[in-house]
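Written out below as structure tokens is the structure these notes cover.
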Amino acid sequence: MSHITLVRHGQANTTARDEESYDRLSDLGHQQARWLGAHLQDTRAHHPRVYCGTLQRHVETAASMGLPDPIRDARLNEIEYFNIAQLYEQQHGVTVPTDREGFVEHLPRTFAAWARGEIADTPETFDAFETRVRDALRDIGTEGGPAIVVTSGGLISMVVRQAMGLDVPAMARVALAIMNTSMHRLHPIGTQLSPVLFNAVPHLEAPDRQFAQTHL
């Protein structure tokens with residue numbers, strides 16, 4: 001039985017206000033990924049199984065890390081937060097923020113409304129998101145050696161929710177905390193996957209790299 005390491009993608013286009021524009025790495029995002037790839041090589045990390053979502057920022061992160069060509073699985077994609085937020089604004093008048101401080105307040109509120117089914121016609125329901133994440137992790141499993149999975153912060157927060165039994169507000173706080181190119185590891189303990197590493201960025205801890213510890 002082996003572990004699963006989830007990696008959040010590198011910093012994306014932080015000025016974007018829609019899904020398509022956001023879905024590419026910034027120059028810093030590529031550098032974060034290169035540093036992480038070098039760290040994994042230096043520490044002789046062994047990941048015979050490599051996965052990522054189908055989003056451009058996932059594929060670019062895996063490539064800049066120097067990983068072998070990953071298995072691409074759409075179930076590992078991020079929620080369409082921009083689209084959900086726009087629907088929330090249209091239906092309930094909750095304005096989409098333009099700064100980090102506003103986003104810190106907006107994300108938990110949006111997650112809660114989405115989970116309660118108060119936002120109509122979303123690209124997927126909260127329950128559907130929860131199901132696809134559970135199914136993807138089950139199918140990746142822990143047979144065949146350690147797996148590395150390049151994905152997004154919202155999905156990682158759902159994995160932590162499922163592993164730890166978190167409520168939606170706690171899941172939202174987890175999502176806000178997750179840094180770009182951070183690592184999150186799950187080990188099988190009994191019949192369950194349990195977190196043994198959260199939000200680790202050893203490749204960004206040197207004083208001259210701490211500027212690269214980004215959340216957005």
Side-chain angles (χ1 to χ4, degrees), residues 1-14 24-53 55-71 76-78 100 104 107 133 136-137 140-142 144-164 166 170-189 192-216:
M1 303 292 281
S2 300
H3 59 262
I4 299 172
T5 300
L6 303 168
V7 174
R8 187 190 175 195
H9 61 80
Q11 184 191 62
N13 178 16
T14 58
R24 63 178 184 271
L25 294 191
S26 66
D27 290 344
L28 178 59
H30 282 288
Q31 182 61 70
Q32 291 166 329
R34 287 191 292 269
W35 279 332
L36 176 55
H39 169 78
L40 293 175
Q41 289 184 348
D42 290 345
T43 57
R44 299 183 182 179
H46 177 58
H47 297 104
R49 300 184 299 132
V50 182
Y51 300 82
C52 72
L55 298 175
Q56 181 176 339
R57 59 191 182 272
H58 299 158
V59 176
E60 288 181 350
T61 298
S64 287
M65 287 173 64
L67 295 175
D69 190 33
I71 296 171
L76 298 170
N77 287 352
E78 181 64 291
R100 173 168 172 75
V104 167
L107 186 143
V133 172
L137 267 289
I140 291 169
T142 54
I148 191 164
V149 180
V150 180
T151 181
S152 290
L155 186 138
I156 294 169
S157 73
M158 175 58 80
V159 171
V160 176
R161 163 183 161 84
Q162 293 173 350
M164 302 298 291
L166 302 181
M171 173 188 164
R173 292 195 297 274
V174 167
L176 288 168
I178 294 172
M179 288 184 282
N180 295 113
T181 63
S182 56
M183 294 185 290
H184 312 256
R185 187 162 297 140
L186 302 165
H187 267 280
I189 300 177
Q192 303 294 322
L193 286 172
S194 297
V196 297
L197 184 73
F198 176 75
N199 219 22
V201 287
H203 56 297
L204 303 178
E205 290 180 350
D208 61 342
R209 294 185 184 179
Q210 291 178 5
F211 75 94
Q213 294 182 9
T214 59
H215 294 85
L216 294 177

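The chain is numbered in sequence order, starting from 1. Just so you know, these numbers use all the heavy atoms, side chains as well, and skip hydrogens, waters and symmetry mates.
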Point-to-point distance, once rounded to the nearest 0.5 Å, from CD1 of Ile140 to CG of Leu6: 7.5 Å
Closest heavy-atom pair and its distance - Val201, Met179: CG2-CE, 3.6 Å
Side chain to side chain contact (heavy atoms under 4.5 Å, CB included) assessment of Leu193 paired with Ile4: CA-CA 9 Å; Leu193 286 172; Ile4 299 172; 4.0 Å; yes
Residues Ser182 and Arg8: side-chain donor-acceptor under 3.5 angstrom: no
His9 backbone acceptor or donor facing Asn180 side chain under 3.5 Å: yes
Asp42 atom CG, over 12 foreign heavy atoms within 6.0 Å: yes
Atom pair NE2/OG1 of His184 and Thr151 - distance to nearest 0.5 Å: 10.0 Å
Donor-acceptor contact below 3.5 Å, side chain Ser64 vs main chain Arg34: no
Taking every non-hydrogen atom, the tightest pair across Val59 and Gly53: CG2-O, 4.1 Å
Pairing residues for Ser26 by the side-chain contact (heavy atoms from CB on, under 4.5 Å) criterion, not counting sequence neighbours: Gln11, Leu28
Main-chain N/O of Leu204 paired with Gln213 side-chain donor or acceptor, under 3.5 Å: yes
Side-chain (Arg209) to main-chain (His203) donor-acceptor, under 3.5 angstrom: yes
Those residues that, when tested against Pro195, pass side-chain contact (heavy atoms from CB on, under 4.5 Å) (two or more places apart): Ala163, Met164, Leu186
Minimum heavy-atom distance Met183-Leu40, with the two atoms named: SD-CD2, 4.0 Å
Test side chain to side chain contact (heavy atoms under 4.5 Å, CB included) applied to Val150 and Met65, step by step: CA-CA 10 Å; Val150 180; Met65 287 173 64; 4.2 Å; yes
Spatial distance of atom CZ (Arg185) from atom NE2 (His3) [nearest 0.5 Å]: 4.5 Å
Side-chain touch Leu176/Leu107, heavy atoms, less than 4.5 angstrom: yes
Salt bridge (charged side-chain N to carboxylate O under 4.0 Å, His left out): pairs with one or both residues in residues 150-163, sequence neighbours excluded: Glu130-Arg161
Sequence-distant partners of Arg57, salt bridge (Lys or Arg N to Asp or Glu O under 4.0 Å), two or more places apart: Asp23
Taking every non-hydrogen atom, the tightest pair across Ser2 and Pro188: O-CD, 3.6 Å
What donor-acceptor contacts under 3.5 angstrom involve side-chain atoms of residues 152-159, with partners at least two apart or in another chain?
| residue | atom | partner | partner atom | Å |
| --- | --- | --- | --- | --- |
| Ser152 | OG | His58 | NE2 | 2.7 |
| Ser157 | OG | Gly154 | O | 2.7 |

Contacts of Glu60 that satisfy side-chain contact (heavy atoms from CB on, under 4.5 Å) - sequence neighbours left out: Arg24, Leu25, His30, Gln56
Over 12 non-hydrogen atoms of neighbours within 6.0 angstrom of CD in Gln210: yes
Pairwise distance OG1(Thr5) to CG(Leu197) - rounded to 0.5 angstrom: 7.5 Å
Nearest-0.5 Å distance that lies between atom CG in Asn199 and atom CD1 in Ile178: 6.5 Å
Under 3.5 Å donor-acceptor, Gln32 side chain and Thr181 backbone: no
Residues Leu166, Val160; criterion side chain to side chain contact (heavy atoms under 4.5 Å, CB included); working and verdict: CA-CA 8 Å; Leu166 302 181; Val160 176; 3.8 Å; yes
Verdict with reasoning, Ile148 to Arg49, per side chain to side chain contact (heavy atoms under 4.5 Å, CB included): CA-CA 6 Å; Ile148 191 164; Arg49 300 184 299 132; over 6 Å; no
Closest contact, heavy atoms only, Pro70 versus Ala62: CG-CB, 4.2 Å
Check: Ala147 main-chain N/O paired with His47 side-chain donor or acceptor under 3.5 Å: no
